[in-house]
> 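Got a structure for you, written out below as C-alpha cells; questions coming shortly.
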There are 2 protein chains.
Amino acid sequence: MDEAPPAPVPAADARGSVTLHDVAREAGVSIATASRALNGSARNVRTENASRVRAAAAKLDYRPHPSAQAVARGSTPTVALVVGDVADPYFSAIAAGVTQAAEAAGLVVTMAVAGRSPQRELELVRTLRGQRPRVIVLAGTRIDGTTASTAPKDGRAVDGAAASAAPGDGRAVGGTDTRGALVGELEEYQAAGGRVVMVSQRDLPFDTVTIDNTGGAHRLARALAGAGYRRFAVFRASESVRTSRDRVAGFTAGLRAAGISLDDRFVIETEFTRGGGYEAARKLAERGADEVEIVFAVSDVMAIGAMTAFRDAGLVPGEDIAVAGFDDIDSAIDVTPALTSVAVPLREAGQEAMRLALGGGPAPDAVQISTRVVLRESTPARR
Amino acid sequence: MDEAPPAPVPAADARGSVTLHDVAREAGVSIATASRALNGSARNVRTENASRVRAAAAKLDYRPHPSAQAVARGSTPTVALVVGDVADPYFSAIAAGVTQAAEAAGLVVTMAVAGRSPQRELELVRTLRGQRPRVIVLAGTRIDGTTASTAPKDGRAVDGAAASAAPGDGRAVGGTDTRGALVGELEEYQAAGGRVVMVSQRDLPFDTVTIDNTGGAHRLARALAGAGYRRFAVFRASESVRTSRDRVAGFTAGLRAAGISLDDRFVIETEFTRGGGYEAARKLAERGADEVEIVFAVSDVMAIGAMTAFRDAGLVPGEDIAVAGFDDIDSAIDVTPALTSVAVPLREAGQEAMRLALGGGPAPDAVQISTRVVLRESTPARR
DNA sequence: TTGAAAGCGCTACCAG
DNA sequence: CTGGTAGCGCTTTCAA
C-alpha cells in the first residue's frame with residue numbers, strides 16, 4: 001500500500017467532490033503542476049499545460065477546498081468580524097462596509113455577535129482566532145473596556161500592563177480583567193501575523209478607525225448656537241459609555257467656544273436607548289422645560305424617544321422645544337419634525353477598517369471618520 | 001528521514017501555534033488519544049488520561065485548528081448565510097436570528113452579501129459551497145427568481161429541468177438561467193450531505209421558512225374594515241416583487257371577505273422604498289384623495305414615506321387620511337402618528353431556519369412564520 | 001518547467 | 001482503552 005501506483009482513487013470520487021488529484025489526472029499532469037496552474041502565485045507553468053489544467057478543472061467542475069488550502073498554507077482567506085448586535089443599525093452599517101470591502105479583496109467574512117458582554121467578546125475572539133483568519137475586526141463595543149470606576153486616568157498604561165501579563169495564562173485572569181485578556185489574545189494573534197482592526201474603540205495598541213464624535217458634537221453645538229439657541233439641555237448616557245462621553249465633551253466645548261455655558265441642572269443622565277430618551281424628556285417636561293430652548297440627545301434614538309415624550313407632555317417638538325440628536329439614522333428624516341443630527345458614515349468606517357487591515361504597515365495605524373452636521377426642522381433658526 | 005524518531009518538531013513551535021502533537025507529548029499520550037480526549041465523540045478514554053490531556057491543553061493554551069479538522073472530517077462547523085444587504089433591517093433581523101441559533105449550536109456563521117443580483121447570489125453560493133459549510137441559508141432575495149414575463153406558471157417544473165441540466169456544466173448556462181443554475185448548485189450540495197434552507201422564498205425544493213404575508217395582510221384588511229374603513233387605496237411594488245404581490249393578494253382577499261371591493265384606480269404601483277411611498281402619496285394627494293379614507297402600503301418604509309408626503313401636501317395622517325404598513329419596523333412607533341402595521345418576527349424566522357437545518361429530516365420541510373396585526377394611531381377607529 | 005514527496009493539523013480505522 | 005498510521009486536499013520545497 002506504500003508503493004502501489006493503482007491508487008484507490010474511488011474514495012474522492014465516492015465522496016462526490018472533485019479534487020485537485022482528479023484534475024491533474026484528467027489534464028495529464030502532476031498534481032503539483034495542477035496546483036501551480038490553478039492557484040500558484042508564480043507563472044512557472046507552460047502555458048499549454050496551464051490551459052489543459054484549467055480546461056480539466058472546468059470540465060470536472062472543480063472547486064478548491066479552502067480548508068485544505070488553509071491547513072497547507074497556514075491561514076484562511078477570511079476576515080472575522082465581531083459586532084455587538086447585527087440587528088442594530090449602527091453595527092449592521094459597519095458590517096456592511098466591512099463585508100463590501102472584504103469581498104472586493106476576495107475575502108469572506110465570518111461574523112460573530114458579542115451581545116453587550118465583554119466576556120462573550122473575549123470568548124469569541126478566542127474561538128475566531130482558532131480559525132486563523134487573515135484579519136479580525138472588532139466593531140462597536142460601545143461600552144468602555146476601562147470601567148470608569150477602577151481604571152486609572154491613562155488607559156494606555158493599563159493596556160500595556162495587562163497585555164504583557166495576559167499571554168502567560170489568559171484563563172487565570174479573573175472575570176475582572178476581561179479587557180486585559182482580550183488585548184493579550186489579540187496581541188498574540190497579531191504577533192503570529194494576523195491583522196487586528198478596531199472600529200470606534202480607542203486606546204488599544206491596534207489599528208483603529210475612530211468616529212469623530214467629539215468634533216461632530218462640537219460643530220453641532222456651534223451650529224445651534226449660530227441658529228440662535230442659548231439655553232441648552234443635554235440627555236446623556238452613563239459615564240461608562242465612551243461614545244456618549246465624547247459627544248457630550250465635544251458639545252460642551254462647542255458651546256463654550258460660542259460663549260455659552262451649560263447648566264448642570266439640565267444635563268440628564270439616562271439609558272442609551274429610545275426609552276432612556278423618552279424618560280429623560282418626560283422628567284424634564286414634568287419639572288418644567290420653560291428654561292430650556294433646546295435639548296441635545298447624544299443619539300438619535302434617544303432624541304426620537306424624547307420627541308415623543310415631549311409631544312405626549314403637550315409640547316410640540318420644533319416649536320415649543322427644539323431637539324437635536326446624533327448618528328443621522330434613517331428615521332431621522334421620517335419623524336416629525338425631521339431631526340437635526342450629525343451624520344456618521346458608518347459604512348465607510350467599515351470599509352476603512354478593511355483598508356487599514358489590508359494595506360496597513362507594521363505599526364498600529366489610525367484613521368478618523370469625520371462626521372457632518374445636518375440641520376433640520378427640529379431645530380428651526382431663532383431670530 | 002523516513003525512520004528518524006528525533007522529529008524536527010520545531011516547525012510547529014516556530015510557527016507559534018500549539019498543535020495536538022504538542023499537547024499529546026506534554027500529556028504523555030499518543031496524539032490519537034489526545035484527539036479523542038479533546039474532540040472525540042465516544043468517551044473511550046481513561047478519565048485520568050483525559051484530564052491529563054485537558055490539563056496539557058490548558059497549560060499550552062491549545063486551540064484546535066478548525067480547518068484541519070474540516071479537511072480531516074470532510075465538513076466545517078459553519079453555516080453560510082447569504083443575505084441581500086446586511087444594512088437592511090429586514091435582513092439584519094433575519095441574520096441576527098440565524099446567528100443566534102447557530103452559535104447556540106456551536107456553529108460559526110459566515111455571511112455574504114448578494115446585493116440584489118441573482119447573478120452575484122449564484123457566484124456566492126458557488127464560493128460558499130467550496131467552504132463545505134454544514135448548512136447554507138439563503139435569506140431574502142425579495143425579488144422573484146421566476147421572472148414574471150418568461151416563467152411558465154409552474155415554477156417547480158422549471159426548477160427540476162434546470163437542476164438536471166446544470167450539473168454537467170454550470171458555467172455554460174447563460175445569464176438567463178441563473179435560477180436554474182442556483183438550484184442545481186444547491187441540489188448538488190444537498191446531495192453531498194449539506195443542508196439548504198431558504199427564508200421567504202418559496203417554490204424551491206428545499207427546506208423553507210416562509211413569512212405569512214398573505215395571512216397577515218388578510219387579517220389587517222379585516223381589522224381595518226372592522227374599524228370602519230370602507231374606501232381603500234393600496235401602494236404596491238412591482239409585480240415581480242413576490243412579497244408585495246402576496247401582501248396585496250391577502251389584503252384584497254381580506255377586504256373581499258369583509259364585503260369591500262378595491263377600486264383599481266387607487267391601486268398604485270411604485271418603488272418598494274421610502275421614496276416610492278412618498279411619490280405614490282404625492283400623486284394621490286395631487287389628484288385628490290377625497291375618495292380615499294385609508295391607504296395600505298405594502299411595507300412600513302413605503303408607508304412612512306407616504307405619511308410625510310401627505311403631510312407635505314397639507315393632509316394630516318391619521319386625521320385626514322389613515323395609513324397602514326407592513327413589517328412593524330422599529331420606527332413604526334416613532335413616527336407621528338404611530339403607524340398601524342403587521343409585525344413580522346424576522347428574528348424568529350432566522351432561528352427557525354436554523355432549527356429546520358439542524359433538526360430536519362431528509363425531506364424538504366417548510367414552516368411558516370405567522371404575523372400579527374398591530375393597530376395604532378395612524379388608523380383611528382371610525383364610527 | 002516539472003514531478004516526487006514531505007508536510008500542514010487533525011480524525012478515524014485497525015490492531016493490540 | 002490505546003498507539004500506530006493511513007489518509008483528508010492542498011502547498012511547497014527539492015531535485016531532476
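Just so it is clear, the structure is predicted and the values come from calculations on it, not from any experiment.
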> Gln131(B) has an atom CD; how far is it from atom P of dG9(D), in whole Å?
17 Å
> Among the nucleotides dG9(D), dT2(C), dC10(C), which one has an atom lying closest to any side-chain atom of His65(A)?
dG9(D)
> Of the nucleotides dT11(D), dT2(D), dC8(C), which one has an atom closest to the side chain of Val71(A)?
dC8(C)
> Counting only distance, no hydrogens or angles, is the base of dG9(D) paired donor-acceptor with the side chain of Arg63(A) under 3.5 Å?
no
> Hey, is the side chain of Thr33(A) poking within less than 4.0 Å of OP1 or OP2 on dG3(C), counting only N and O atoms?
yes
> 5'-most contact on DNA chain D: Gln69(A) or Val29(B), nearest heavy atom basis?
Val29(B)
> Separation of Ile31(B) atom CD1 from dG4(D) atom C1', in whole Å?
10 Å
> Give a yes/no on whether any side-chain N or O of Ser35(A) is located under 4.0 angstrom from OP1 or OP2 of dC10(D).
no
> For Thr47(B) and for Arg73(B), find the nucleotide of DNA chain D with the closest heavy atom, then tell me which residue's nucleotide is more 5'.
Thr47(B)
> What heavy-atom pair brings Gln190(B) and Pro205(B) nearest, and what distance separates the two atoms?
NE2-O, 4.1 Å
> Of the candidate nucleotides dA12(C), dT11(D), dG9(C), which contains the atom at the shortest distance from the side chain of Leu20(A)?
dT11(D)
> With side chain to side chain contact (heavy atoms under 4.5 Å, CB included) as the criterion, how do Leu138(A) and Leu182(A) come out once you've worked through the C-alpha distance, each side chain's angles and the decisive distance to 0.1 Å?
CA-CA 11 Å; Leu138(A) 296 203; Leu182(A) 180 62; 4.2 Å; yes
> Is Glu26(A) paired with Arg52(A) through a side-chain N to carboxylate O contact shorter than 4.0 Å?
no
> Which one, dG3(C), dG4(D), dC10(D), comes nearest to the side chain of Ala32(B)?
dG4(D)
> Which of the following nucleotides, dT2(C), dG9(D), dC10(C), is nearest to the side chain of Pro64(B)?
dC10(C)
> Is Ser30(B) close enough to dG3(D) that one of its side-chain N or O atoms is under 4.0 Å from OP1 or OP2 there?
yes
> Check whether any side-chain nitrogen or oxygen of Asn39(A) sits under 4.0 Å from OP1 or OP2 of dC10(D), and answer yes or no.
no
> Check this for me, if you would: do Glu188(A) and Arg126(A) make a salt bridge, where the nitrogen-to-carboxylate-oxygen distance has to be below 4.0 angstrom?
no
> Nearest-Å distance, CZ (Arg52(A)) to P (dT1(C))?
17 Å
> Whether the side chain of Arg132(B) and the base of dG9(D) hold a donor-acceptor pair under 3.5 Å is what I'd like checked.
no
> Among dT12(D), dT11(C), dT11(D), find the nucleotide with the atom closest to the side chain of Arg36(A).
dT12(D)
> Can you measure from OG1 (Thr110(A)) to CD (Gln131(B)) and round to the nearest 0.5 angstrom?
9.0 Å
> Through what angle, rounded to 10 degrees, does the axis of the helix from dT1(C)-dA16(D) to dG16(C)-dC1(D) turn between its ends, using five pairs per end?
40°
> Do Arg134(A) and Ser75(A) pair up side chain to side chain, a donor and an acceptor below 3.5 Å, judged on atom types alone?
yes
> Inspect the contact between Asp177(A) and Arg179(A) and indicate whether a charged nitrogen and a carboxylate oxygen are less than 4.0 angstrom apart.
no
> Of all the choices, dC10(D), dT2(C), dC1(D), which nucleotide is nearest to the side chain of Arg46(B) once you look at every atom?
dC1(D)
> Return the value, rounded to whole Å, for the distance between atom NE2 of His21(B) and atom P of dT11(C).
15 Å
> Going by side-chain contact (heavy atoms from CB on, under 4.5 Å), Leu128(A) matches just one of Val82(A), Val79(A), Leu81(A). Which one?
Val82(A)
